[in-house]
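Structure first, commentary second.
Starting from 1, each residue takes its place in the sequence as its number. Atoms within each ligand, like the ligands themselves, are counted from 1 in listed order.
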Amino acid sequence: MTAPTKLYLAPSKTCSGQVVLPGSKSIANRALLMAALCDTPTVLTNLLVSDDTRHMRNALAALGVAQQELSDNGRTLQVNGCGGSWTSQPGELFLGNAGTAVRPLTAVLAATIKHSVVITGEPRMLERPLAPLIDALVMGGAEIKSTGEPGYPPVTIAGGLQGGAIQVDGSASSQFISALLMALPLAPNNSVLTLTGTIVSWPYIELTLSMLKVFGIEITQLTENSFEIAGAQRYRSPGEYWIEGDASAASYWLAAGVIGGGPVQVAGAGSQSLQGDVAFAEVLQRMGANIDVQPQHMTAQGVTEQSGQLRGIDVDLNAIPDAAMTLATLALFADGPTRIRNVANWRLKETDRLLAMATELKKVGAEVKLFDDGLLIHPPQQWQHAEIETYNDHRMAMCFALLTFAPVGVTILDPDCCAKTYPEFFTEFSQRCH
Ligand SMILES: O=C(O)C1=C[C@@H](OP(=O)(O)O)[C@@H](O)[C@H](O)C1
Ligand SMILES: C=C(OP(=O)(O)O)C(=O)O
């Protein structure tokens, strides 16, 4: 059977049940790479199986990293790290549209590769910026250049990263910083990495630092925007590493448990999570949602307000840009307008998310004002059924699933694009929302 290219979600009133979250995309791709850089094997558990992790795994396999699936579903994987001494020499690595593969691999290969390799991806990946990372790597002595549009993939990398005093502009993506934090410990010389610009998505940098520590890498934060990184370090395997449930994915379920009354419990991420996106629970609480946060799970059960309605809010979501997408569709169910601030880099992700979101929200009857840094969303006076374009953006597909709670339902075009991070999403969603 060929996969449907559109999915009608009939009007639903309730959502309840337990959801075991898929492994975090951000943690999975970091863990795969860090495990590959160790000298001894690492067993990863609760590994995400999706497009983004497939691209990372394929790239590592092409570099000669043996991987053994210890469970049928591929969620338990032994990675036989080779300490960065790659045993194969691929000419090209195709990484789809996975920012968490392109950026870290670009930097790590600049430190480790002994031949020349091209990193490329899907057409949209070739429009997503890489210049700040390329500039920083060149500053550190690497031989790397764009082969197409300057400052964008594809890039040819010929190694040579030495370390030293390096600056990186972190205003477009924190992934450039994470990538350098993963790569500079492998360079022969010590480095001081200084961050310039107004840094976005800071919790992802903290996630990188926490995981590096677990994998034996030492980094000292000197000031708010600088790090001291000793060169010639070795990644050390923790033996086994559990990948937390995906906190960004949790946002769809929590929102559904709020609008659909719940209880919806998500298992695998909570107050002990390394992921910044668990803070979405606090955003929901500010709106009057009934959310219980435990160390490893969270439960959403309707609204605490007597009115039974969510409050519209004005909120800076720079720290949680992915879960922020969910707020944009949840805002349709509030009693007043919601202003989402400080997510200008939505424009640089799977699609121009600011434009895409404004365009699709208007189709269902919302009044939307587009700002340089975000959106002002007025809930619809009258709901309209719409076919939602998803622009090959998994989060557009998943956050518009919430429109099943609109009295007219919703149709999602190309729902399968959710395979980037959550292939089972719509099957699981239909099972719990009625
Ligand atoms: O480092 C990471 O794992 C990520 C960082 C964020 O990107 P930006 O830093 O580009 O905002 C986030 O949106 C992305 O989904 C994953
Ligand atoms: C921005 C995202 O992905 P990427 O890791 O490709 O940047 C995302 O998953 O929302």
Worksheet, complete the sentence: for atom 1 (C) of ligand 2, nearest protein heavy atom and its distance come out as Glu350 OE1, 3.1 Å

Worksheet item: Can you list the atoms of ligand 2 that are under 4.0 Å from a heavy atom of Arg395?
Response: 8 (C), 9 (O), 10 (O)

Discussion item. Check contact between Met325 and ligand 2, using heavy atoms of the residue and a distance below 4.0 angstrom.
Written reply: no

Response to the item:
shortest atom 7 (O) of ligand 2-to-protein heavy-atom contact is with Arg128 NH2, 2.7 Å

Fill in: Ligand-side contact atoms (ligand 1) for residue partner Asp322, heavy atom cut-off under 4.0 Å
12 (C), 13 (O), 14 (C), 15 (O)

Worksheet item: Does an N or O from Arg395, backbone or side chain, lie closer than 3.5 Å to an N or O of ligand 1?
Response: no

Worksheet entry | Asp393 and Lys349: CA distance, side-chain angles, deciding distance, salt bridge (Lys or Arg N to Asp or Glu O under 4.0 Å) verdict | CA-CA 9 Å; Asp393 182 347; Lys349 299 190 185 261; over 6 Å; no

Worksheet item: Is there a donor in the side chain of Thr223 and an acceptor in the side chain of Ser226, or the other way round, less than 3.5 Å apart?
Response: yes

Practice prompt. Just jot down the ligand 1 atoms closer than 4.0 angstrom to any heavy atom of Ser201, in number order.
Written response: 8 (P), 9 (O), 11 (O)

Response to the item:
Here the atoms of ligand 2 under 4.0 Å from any heavy atom belonging to Asn97 are 6 (O)

Worksheet item: Are Ile243 and Leu48 close enough, and set up right, to give a side chain to side chain contact (heavy atoms under 4.5 Å, CB included), and what steps lead you there?
Response: CA-CA 8 Å; Ile243 290 156; Leu48 171 67; 5.9 Å; no

Item to complete: Show your reasoning for whether side chain to side chain contact (heavy atoms under 4.5 Å, CB included) applies to Gln265 and Val19.
Response: CA-CA 6 Å; Gln265 188 184 81; Val19 178; over 6 Å; no

Worksheet item: Going by the order shown, which atoms of ligand 1 are within less than 4.0 Å of some heavy atom of Ser173?
Response: 8 (P), 9 (O), 10 (O)

Practice prompt. Measure Arg353 to ligand 2 on non-hydrogen atoms and call it side chain, backbone, both or neither using the 4.0 Å cut-off.
Written response: side chain

Fill in: Lys6/Glu387 salt bridge by N-O under 4.0 Å criterion
yes

Practice prompt. Would you mind telling me if ligand 1 is within reach of the side chain of Asn345, the backbone, both or neither, using heavy atoms under 4.0 Å?
Written response: side chain

Item to complete: Kindly indicate whether a cation-pi arrangement holds for Arg432 with Trp253, taking the cut-offs as under 6.0 Å to the six-membered ring centre and within 45° of the axis.
Response: yes

Worksheet item: Is the distance between the ring centroids of His55 and Phe94 under 6.0 Å?
Response: yes

Discussion item. Looking at Arg57 and Glu69, is any side-chain nitrogen of the basic one under 4.0 Å from a carboxylate oxygen of the acidic one?
Written reply: yes

Worksheet item: Is the closest side-chain heavy-atom distance between Thr45 and Val43 below 4.5 Å?
Response: yes

Practice prompt. Start with the C-alpha distance between Gln78 and Asn80, add both sets of side-chain angles, then the distance that settles side-chain hydrogen bond (donor to acceptor under 3.5 Å, both in side chains), and finish with yes or no.
Written response: CA-CA 6 Å; Gln78 179 171 313; Asn80 294 333; 2.9 Å; yes

Worksheet item: With only distance considered, is Lys349 within less than 3.5 Å of ligand 2 through an N or O on each side?
Response: no

Worksheet item: What do you reckon, does Arg103 put a non-hydrogen atom under 4.0 Å from ligand 1?
Response: no

Discussion item. Could you tell me, atom by atom, which parts of ligand 2 come under 4.0 Å of a heavy atom of Thr100?
Written reply: 5 (O)

Worksheet entry | ligand 2 to Asp322 polar contact by distance, N or O atoms, under 3.5 Å | yes

Discussion item. Testing Val118, Leu109, Ile119, Thr147 one by one against Val155 for a side chain to side chain contact (heavy atoms under 4.5 Å, CB included), which residue passes?
Written reply: Ile119

Worksheet, complete the sentence: Nearest non-hydrogen protein atom to atom 5 (O) of ligand 2, with distance, is Lys25 NZ, 2.7 Å

Worksheet item: ligand 2 and Gly99, any nitrogen or oxygen pair closer than 3.5 angstrom?
Response: yes

Practice prompt. Apply salt bridge (Lys or Arg N to Asp or Glu O under 4.0 Å) to Asp352 and Arg124, showing your working.
Written response: CA-CA 10 Å; Asp352 176 342; Arg124 175 59 184 171; over 6 Å; no

Practice prompt. Please say whether Thr421 places an N or O atom under 3.5 Å from an N or O atom belonging to ligand 2.
Written response: no

Discussion item. Check contact between Gln175 and ligand 2, using heavy atoms of the residue and a distance below 4.0 angstrom.
Written reply: yes

Response to the item:
Under 4.0 Å from one or more heavy atoms of Lys349, ligand 1 contributes atoms 6 (C), 7 (O), 8 (P), 10 (O), 11 (O), 12 (C), 13 (O)

Worksheet item: Quick one: does NZ or CZ of Arg30 land under 6.0 Å from the six-membered ring centre of Phe215, within 45 degrees of the ring axis?
Response: no

Discussion item. Below 4.0 Å from ligand 2: does a non-hydrogen atom of His55 turn up there or not?
Written reply: no

Worksheet item: Heavy-atom distance under 4.5 Å between the side chains of Ile144 and Val138, does that happen here?
Response: yes

Worksheet item: Do any nitrogen or oxygen atoms of Tyr204 come within less than 3.5 Å of a nitrogen or oxygen of ligand 1?
Response: no

Worksheet item: Is the closest N or O pair between Lys25 and ligand 1 shorter than 3.5 Å?
Response: yes

